[in-house]
Trainee: 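Dropping the structure in here first, questions after.
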Amino acid sequence: MVASTENRKEHLKKLKKRIEKFSTPDEIAGYEKLILEILDLKEQKNAIILGHNYMTPEVFYGISDITGDSLGLAKKAAETDADIILFDGVHFMAETAKILNPEKKVLIADLEAGCSLAESITGKDVRSLKEKHPNIPIVTYINCTADVKAESDIICTSANAVKIVKEIDSDTVIMIPDEYLAGNVQKATGKKLITWPGKCMVHELYTEEDVELARKNYPGITIIAHPECHPDVTALVEFTGSTSLMGKYIEENKPKRVMLLTECSMSDNLMSDFPETEFISTCQTCPHMKKITLEKVLYSLKNEKYEIDVPEDIRIRAKKALDRMFEFN
Ligand code: 13P
Ligand code: SF4
């Protein structure tokens with residue numbers, strides 16, 4: 001939980017230590033001013049801020065009450081008793097929070113914060129897939145719209161996709177919309193997966209050559225990939241997992257040097273937790289995640305914009321698919 005009124009000074013001091021590597025003193029002073037205003041408003045309005053692991057450090061550490069990967073944040077969103085949920089992440093994440101909390105006001109600071117995977121498929125596409133492959137369970141990655149969730153049997157995230165596909169009672173599974181995640185799950189489960197040609201515009205940029213080059217330039221390096229990377233890339237790394245599992249791996253294995261094949265802010269955020277580990281930058285940026293800034297969050301909370309809405313018939317069906325996922329955990 002972020003800084004109550006009494007310990008804000010301490011909070012800002014800790015934040016400064018975490019971000020001074022990336023920020024000038026003027027920038028830090030600007031962030032502090034915005035953060036204090038946001039924290040005040042948050043208290044006044046009984047709001048909670050959920051921050052995805054890809055938020056920049058000043059958003060991640062400065063104002064988030066709860067941080068995590070898609071699975072962790074969806075679980076927390078289902079538990080909160082705040083009146084307002086402000087989601088610092090992308091649209092499908094805020095929409096998931098709304099599906100789970102229809103009575104609460106769910107806000108996102110920029111409605112344009114989308115996702116290339118969510119944009120790759122529509123509910124109509126899923127209906128066509130169902131017609132083409134009747135009676136095959138549809139496991140859908142959480143990076144999709146409410147409409148797509150509503151057409152799915154069960155939702156998964158990068159943290160539980162393998163477990164869900166392994167345990168589902170069918171040798172063939174439709175897994176959409178991330179072709180590379182499906183490729184990685186296929187390798188791990190041995191099941192037949194029917195997939196969809198969606199890709200993450202960030203993770204698809206990593207290549208086998210990036211891994212080979214890093215090994216050559218940084219002997220002894222540990223390389224960790226997100227499962228949205230191509231299966232030929234994940235085949236070459238020490239560990240593949242969700243954004244939160246990346247942090248867990250570093251905590252448990254304490255590598256001397258690490259490279260994360262994922263969005264830039266992930267390393268920036270983990271770096272201050274693991275000062276003994278050297279983080280080698282790869283830096284691919286998600287333009288959607290980077291739309292969320294402190295200025296926009298302040299505007300959002302002040303004006304209670306931009307509100308996420310999901311039509312009730314779609315919400316009920318989408319929630320069913322999400323609830324099935326929660327039953328697996
Ligand atoms: P995680 O669920 O692993 O945090 O992934 C979300 C995402 O958008 C990765 O690109
Ligand atoms: Fe979507 Fe990729 Fe950005 Fe994650 S990193 S929000 S999957 S575009």
Side-chain angles (χ1 to χ4, degrees), residues 52 54 69-71 73-74 87 89-100 108 111-162 164-165 168 170 172-186 189 191-205 226-231 242-243 262-263 286-289 291 308-311 313-325:
H52 184 260
Y54 291 162
D69 62 6
S70 308
L71 179 63
L73 293 176
F87 212 114
V90 291
H91 191 275
F92 77 81
M93 295 179 176
E95 203 175 51
T96 301
K98 183 66 184 179
I99 292 167
L100 298 169
I108 187 162
L111 282 168
E112 300 288 307
C115 169
S116 63
L117 282 167
E119 281 151 25
S120 73
I121 191 162
T122 63
K124 189 165 170 248
D125 293 327
V126 188
R127 287 192 287 278
S128 306
L129 269 174
K130 284 202 260 197
E131 267 171 38
K132 208 168 147 197
H133 307 281
N135 304 318
I136 307 286
I138 305 191
V139 178
T140 301
Y141 193 31
I142 197 164
N143 296 40
C144 65
T145 59
D147 201 22
V148 168
K149 285 184 178 73
E151 297 294 339
S152 307
D153 293 306
I154 179 165
I155 302 303
C156 73
T157 75
S158 57
N160 58 21
V162 169
I164 288 175
V165 170
I168 214 161
S170 173
T172 305
V173 172
I174 299 174
M175 185 166 199
I176 51 175
D178 188 343
E179 191 180 335
Y180 293 169
L181 175 71
N184 284 309
V185 171
Q186 161 119 62
T189 61
K191 291 203 176 179
K192 181 173 186 290
L193 295 194
I194 297 162
T195 185
W196 184 259
K199 290 176 192 68
C200 163
M201 63 191 286
V202 176
H203 293 94
E204 71 169 339
L205 300 177
H226 194 276
E228 291 167 9
C229 292
H230 193 287
S242 82
T243 56
T262 195
E263 215 272 346
C286 174
H288 297 293
M289 290 281 183
K291 286 199 159 74
I308 303 285
D309 196 24
V310 181
D313 55 327
I314 292 177
R315 190 195 70 77
I316 289 170
R317 288 160 57 225
K319 184 168 182 298
K320 227 182 235 174
L322 278 162
D323 284 344
R324 284 202 195 106
M325 170 179 80

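The figures that follow rest on heavy atoms only: side chains count, while hydrogens, waters and symmetry mates do not.
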Trainee: Between atom CG of Asn135 and atom CD1 of Ile174, what is the distance when rounded to the nearest 0.5 Å?
Mentor: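 Separation between the atoms: 10.0 Å.
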
Trainee: Using atom types as modelled, flag every donor-acceptor pair under 3.5 Å from a side chain in residues 197-204 to any protein atom, sequence neighbours excluded.
Mentor:
from	atom 1	to	atom 2	distance (Å)
Lys199	NZ	Glu179	OE1	3.1
His203	ND1	Glu228	OE1	2.9
His203	NE2	Tyr54	OH	3.4
His203	NE2	Thr262	OG1	2.8

Trainee: Where do Met93 and Ile108 land on the side-chain contact (heavy atoms from CB on, under 4.5 Å) test, with the steps shown first?
Mentor: CA-CA 9 Å; Met93 295 179 176; Ile108 187 162; over 6 Å; no

Trainee: For the side chain of Lys191 and the backbone of Val165, is there at least one donor-acceptor N/O pair under 3.5 Å apart?
Mentor: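 Present.
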
Trainee: Do the side-chain N and O atoms of Thr122 and Asp125 include a donor-acceptor pair separated by under 3.5 angstrom?
Mentor: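 Asp125 and Thr122 do have a side-chain donor-acceptor pair below 3.5 Å.
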
Trainee: Near Lys291 NZ, under 6.0 Å, is it more than 12 heavy atoms from other residues, nucleotides or ligands?
Mentor: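 Above 12, so yes.
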
Trainee: For the backbone of Ala146 and the side chain of Glu95, can you confirm whether one donor and one acceptor N or O come within less than 3.5 Å of each other?
Mentor: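 The answer is yes, because a donor-acceptor pair under 3.5 Å joins these two groups.
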
Trainee: Using atom types as modelled and distance alone, determine if a side-chain donor or acceptor of Trp196 lies under 3.5 Å from a backbone N or O of Ser120.
Mentor: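 Indeed, once roles are kept as given, a pair shorter than 3.5 Å links the two residues.
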
Trainee: Spell out, as yes or no, whether a donor-acceptor pair under 3.5 Å connects the side chain of Lys149 to the backbone of Ile142.
Mentor: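 Yes, the answer is positive, given that a donor and an acceptor are paired below the 3.5 Å cut-off.
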
Trainee: Under 3.5 Å, is there a donor-acceptor pair linking the side chains of Ser152 and Thr140?
Mentor: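 Yes, because at least one side-chain N or O of Ser152 sits under 3.5 Å from a partner of the opposite role on Thr140.
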
Trainee: Let me confirm one number: the CD1-CD1 distance from Ile99 to Ile316, rounded to the nearest 0.5 Å.
Mentor: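 Result: 11.5 Å between the selected atoms.
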
Trainee: With a sphere of 6.0 Å drawn around CG of Asp313, does it hold more than 12 non-hydrogen atoms of other residues, nucleotides or ligands?
Mentor: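 Counting neighbours around CG of Asp313, more than 12 heavy atoms of other residues, nucleotides or ligands fall under 6.0 Å, so yes.
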
Trainee: Taking atom CD1 of Ile138 and atom CD1 of Ile154, what is their separation to the nearest 0.5 Å?
Mentor: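 Separation between the atoms: 12.5 Å.
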
Trainee: For His288 and Val90, work out which heavy atoms get closest and say how close.
Mentor: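 Distance-wise, the nearest heavy atoms are CB-CG1, 3.8 Å.
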
Trainee: Evaluate Leu71 against Met325 for side-chain contact (heavy atoms from CB on, under 4.5 Å), listing each step before the verdict.
Mentor: CA-CA 10 Å; Leu71 179 63; Met325 170 179 80; 3.8 Å; yes

Trainee: Could you give the distance from CD1 (Ile136) to NZ (Lys192), rounded to the nearest 0.5 Å?
Mentor: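 So the CD1 of Ile136 and the NZ of Lys192 are separated by 7.5 Å.
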
Trainee: Between Arg127 (side chain only) and Glu151 (backbone N and O only), is there a donor and an acceptor less than 3.5 Å apart?
Mentor: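 Between the backbone of Glu151 and the side chain of Arg127 there is no qualifying donor-acceptor contact (under 3.5 Å).
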
Trainee: Please report the interatomic distance OG1(Thr189) to CD1(Ile164), rounded to the nearest 0.5 Å.
Mentor: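 Reported value, rounded in 0.5 Å steps: 12.5 Å.
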
Trainee: Atom CG of Asn143 and atom CZ of Phe92: how far apart are they, to the nearest 0.5 Å?
Mentor: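 Rounded to the nearest 0.5 Å, the CG-CZ separation comes out at 3.0 Å.
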
Trainee: Does Ser242 offer a backbone N or O that forms a donor-acceptor pair with the side chain of Asp69 under 3.5 Å?
Mentor: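 Flag not set: sc Asp69 to bb Ser242 has no pair under 3.5 Å.
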
